[in-house]
Amino acid sequence: QTTLKSKTKDPYPDWKPGEPVPYAALCTTFSMIEMTTKRLEMTAHCSLFLRQVLRLTPDDLLPTVLLMINKLAADYAGIELGIGESLIMKAIGEATGRSLQVIKQDQKEIGDLGLVAVKSRSKQRTMFKPKALTIRGVHKSLMDIATVTGNGAQGRKVDGIMKLLSAADGNMSGAVDISKDKGGPSEAKYIVRFLEGKLRLGLAEKTVLVSLAQAMVCHELEAGGSGKVPSTEALAKGESILKTVHSNLPSYDVVIPAMLQHGIMNLRENCKLQPGVPLKPMLAKPTKAITEVLDRFEGQTFTCEYKYDGERAQIHYVAKDSPQQYRGVSGGLTAIFSRNSEDLSKKYPDVLAKLNTWVKEDTKSFVLDCESVAWDVVEKKVLPFQQLMTRKKKDVKIEDVKVKVCVYAFDLLFLNGEAVVEKSLRERRELLHSAFTPVEGEFAFATSMNGQEIDEIQTFLDESVKASCEGLMVKMLDGTESGYEPSKRSRNWLKIKKDYLSGIGDSLDLVVLGAYFGKGKRTSVYGAFLLACYNSNTDTYETVCNIGTGFSEAVLETLHQDLSDITIDRPKPFYSHSSGNQHQPDVWFEPKYVWEVKTADLTLSPRYKAGCKEGVDPSGEKGISLRFPRFIQVRDDKKPDEATSSRQVAEMYRKQESVTKSKGPAVDDDF
Ligand code: ATP
């Protein structure tokens, strides 16, 4: 590894030890990362930069990492920029003295607002050189923009963006050939892309995490004065520690200071799962038959649980008199977090108010994994998911709650000051049952059955369906493999859904990228839509089908209203779609909405791009597409980058292929 300095002669004279890191230095690194598609090179650039930050200005490590992963804070903090293309265009215009019309025209031609900003900036003549931007300054300004509320918020956001862009040095070297070098290390370009929510460097968060671990291991050796190159084992150990710690405590705000204080090798002991910081939940793999489950768990004990059809709820609790308090808050804590770490406490005040009736007295702190399910108070039974959807989402008042919920707990991750994720599921279940008391219609343990025979499982599946559940979850019960694996879609949890006992085993959650105007009765709304899955390696959305079935007229109305607000003039550069003229939708959208979609099966089609990079088609030209897709519902609890991934689609396709090979090739009969 070379140091930044050895490449060029002190390119950042402003960056002295202890001084704020110049934002331009980060942009240079971004630009180098953007120039390569090789993951190893990206990691090297990234870790080299972080090492330099560690050496010179460790105080800036946190904002540096946050700017690298395009976030301002941890997900649970609920801070989102929420800035659409039109607002950014307005700010670029105002910052550079160009008319909105010209900016719009540039965007039509270039298709990348970041580059539009570079172009606008390079045409601008400035009277005096603005003060150099720093990483901590940019982070703070972006934070201010994100948290503006109240009257005239939009205008103040534009002002904030404008100030940032005016201070950005852009690429001031006269004419810029933006097609040649992707705009170079321009500050304006990366600020605009950050605001859009996509830096488009191909830099996944896990690459930043690995780079951070590497930088820290190297830095500790260097600081220790040994001057040695770290061994492969030391690097691997550092990576594994940081990955585990981060998946249990996904908060850089907590992990980075702890790492600086205790060192990376001691991080596991000093930084553990804690109430108040939601972790990404463990997820299950789909299966199509009980025999598939039995094959997977052959020779091992497993347990079946009802798969409740509601909303995932992670409940965090610290009693007022708990010996330990967390997140610097004393006086206790209660919170409910969603599947994607959003704070749902204001949606479920009724659950939180009743908590003391089912938490035993000596249970002082916990993190529970549950499903909140709509409950019929008269018939005393579970209601379908659709009922839950009618509940208000924010600022719910207990007295106004019409749809009651019952919480079904299926896992325990933390109890009385101790993380229990590494214990076996059998042990966790015993602890769960010992720490809480079921209360009818309010709190219950997920119904489970430990029988290992096919007939027992079939009967249990039938019973689950009668009890209005979606099917079963089958989980490894004993041994280290039965530990709770945060953020993983694990083979140790399998799901069997009643509706998917044939076909592909699961529905897909897809992002809406475009729409086609309706015909006949549907002329005032969109009649069909273009959907995509998410490729987390390339940070792109890959198209997977057109869909026009499963929508009621009323749903089409609502979708039309919601989607009209997020139309854009042309596809984002991170949309991967066939370029053929006849395949273009009439309207494009910002990536915002995720829809659950059912399909008969999967096939290959030159019209779509899903899984193209996963090697499903030897020629590399065809992507996977859905046959007879059908709309089920909007998935409010998933963000676009939590949609079904290209890899999952490819996995489903391969599984289906191995089953249907004998039946001849699937036909591509897309509409
Ligand atoms: P989907 O919810 O559509 O199945 P998903 O991607 O949200 O997909 P999966 O891992 O596929 O999540 O399915 C597991 C989901 O089922 C959990 O997120 C949880 O909300 C729900 N669930 C219901 N009952 C259980 C249970 N007993 N154990 C684990 N999860 C359960």
Side-chain angles (χ1 to χ4, degrees), residues 1 4 12 15 20-75 77 79-81 114 133-143 146 164 168 182-183 185-219 238-239 242-243 245-247 250-257 259-260 264 536-539 574 641:
Q1 291 189 354
L4 264 177
Y12 307 111
W15 186 6
V21 183
Y23 183 58
L26 180 63
C27 293
T28 301
T29 299
F30 281 169
S31 171
M32 289 192 289
I33 293 171
E34 201 178 349
M35 295 298 184
T36 176
T37 50
K38 297 193 181 106
R39 197 139 309 274
L40 279 180
E41 280 182 20
M42 287 185 190
T43 314
H45 289 310
C46 200
S47 77
L48 211 56
F49 186 73
L50 292 170
R51 222 174 127 181
Q52 192 79 336
V53 175
L54 276 163
R55 189 184 297 145
L56 299 178
T57 319
D59 283 353
D60 276 359
L61 190 61
L62 179 58
T64 305
V65 169
L66 290 173
L67 291 188
M68 278 178 163
I69 58 170
N70 212 150
K71 282 188 182 160
L72 290 173
D75 291 341
I79 292 167
E80 276 179 37
L81 279 158
L133 289 173
T134 62
I135 284 183
R136 65 180 78 162
V138 170
H139 179 267
K140 181 170 181 311
S141 304
L142 291 168
M143 193 69 153
L164 255 181
K182 301 183 182 176
S186 151
E187 292 177 331
K189 176 175 74 174
Y190 294 115
I191 288 171
V192 165
R193 287 194 183 165
F194 192 101
L195 291 163
E196 282 190 293
K198 285 249 173 296
L199 286 173
R200 300 191 29 237
L201 306 172
L203 187 65
E205 182 170 349
K206 55 181 186 284
T207 310
V208 176
L209 206 63
V210 167
S211 309
L212 178 60
Q214 289 185 0
M216 193 65 190
V217 172
C218 294
H219 175 71
E239 277 172 34
L242 190 57
K243 275 187 191 158
V245 167
H246 181 262
S247 67
S251 165
Y252 292 101
D253 301 32
V254 184
V255 173
I256 286 183
M259 185 171 77
L260 292 173
I264 189 164
S536 55
N537 280 330
T538 53
D539 202 7
F574 45 89
D641 59 6

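Remember, it's a predicted structure, so these values are computed and weren't measured experimentally.
The two residues Leu242 and Leu209 come nearest to each other via the heavy atoms CD2-O, 3.4 Å. Nearest heavy-atom pair, Leu61 versus Met259, reported as atom, atom and distance to 0.1 Å: CD2-CE, 4.3 Å. In terms of heavy-atom proximity, Tyr190 sits nearest to Cys27 at CE1-O, 3.7 Å. Shortest non-hydrogen contact noted between Thr134 and Pro20 is CG2-CB, 3.7 Å. Listed here is the closest heavy atom pair of Ala168 and Glu187: CA-OE1, 3.3 Å. Taking all atoms of both residues into account, the shortest heavy-atom contact from Gly114 to Val192 is N-CG1, 3.6 Å.
Atom CG in Leu201 sits 12.5 Å away from atom CD1 in Ile69 (nearest 0.5 Å). For the atom pair CG (Leu50) and OG1 (Thr43), the distance works out to 11.0 Å, reported to the nearest 0.5 Å.
More than 12 heavy atoms of other residues, nucleotides or ligands sit less than 6.0 Å from atom NZ of Lys71.
A centroid separation of 6.0 Å or more is found between the aromatic rings of Phe30 and His45.
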Practice item. Show your reasoning for whether side chain to side chain contact (heavy atoms under 4.5 Å, CB included) applies to Asp539 and Glu205. Key: CA-CA 10 Å; Asp539 202 7; Glu205 182 170 349; over 6 Å; no
**Study point:** Derivation and outcome, side chain to side chain contact (heavy atoms under 4.5 Å, CB included), residues Trp15 and Gln52
**Key:** CA-CA 10 Å; Trp15 186 6; Gln52 192 79 336; 3.4 Å; yes
Exercise for review: Given side chain to side chain contact (heavy atoms under 4.5 Å, CB included), test Thr57 with Arg136 step by step and report yes or no.
Suggested key: CA-CA 11 Å; Thr57 319; Arg136 65 180 78 162; 3.7 Å; yes
Check your understanding: Does the side chain to side chain contact (heavy atoms under 4.5 Å, CB included) test come out yes or no for Thr36 and Met42, once each step is laid out?
Key -> CA-CA 7 Å; Thr36 176; Met42 287 185 190; 3.9 Å; yes
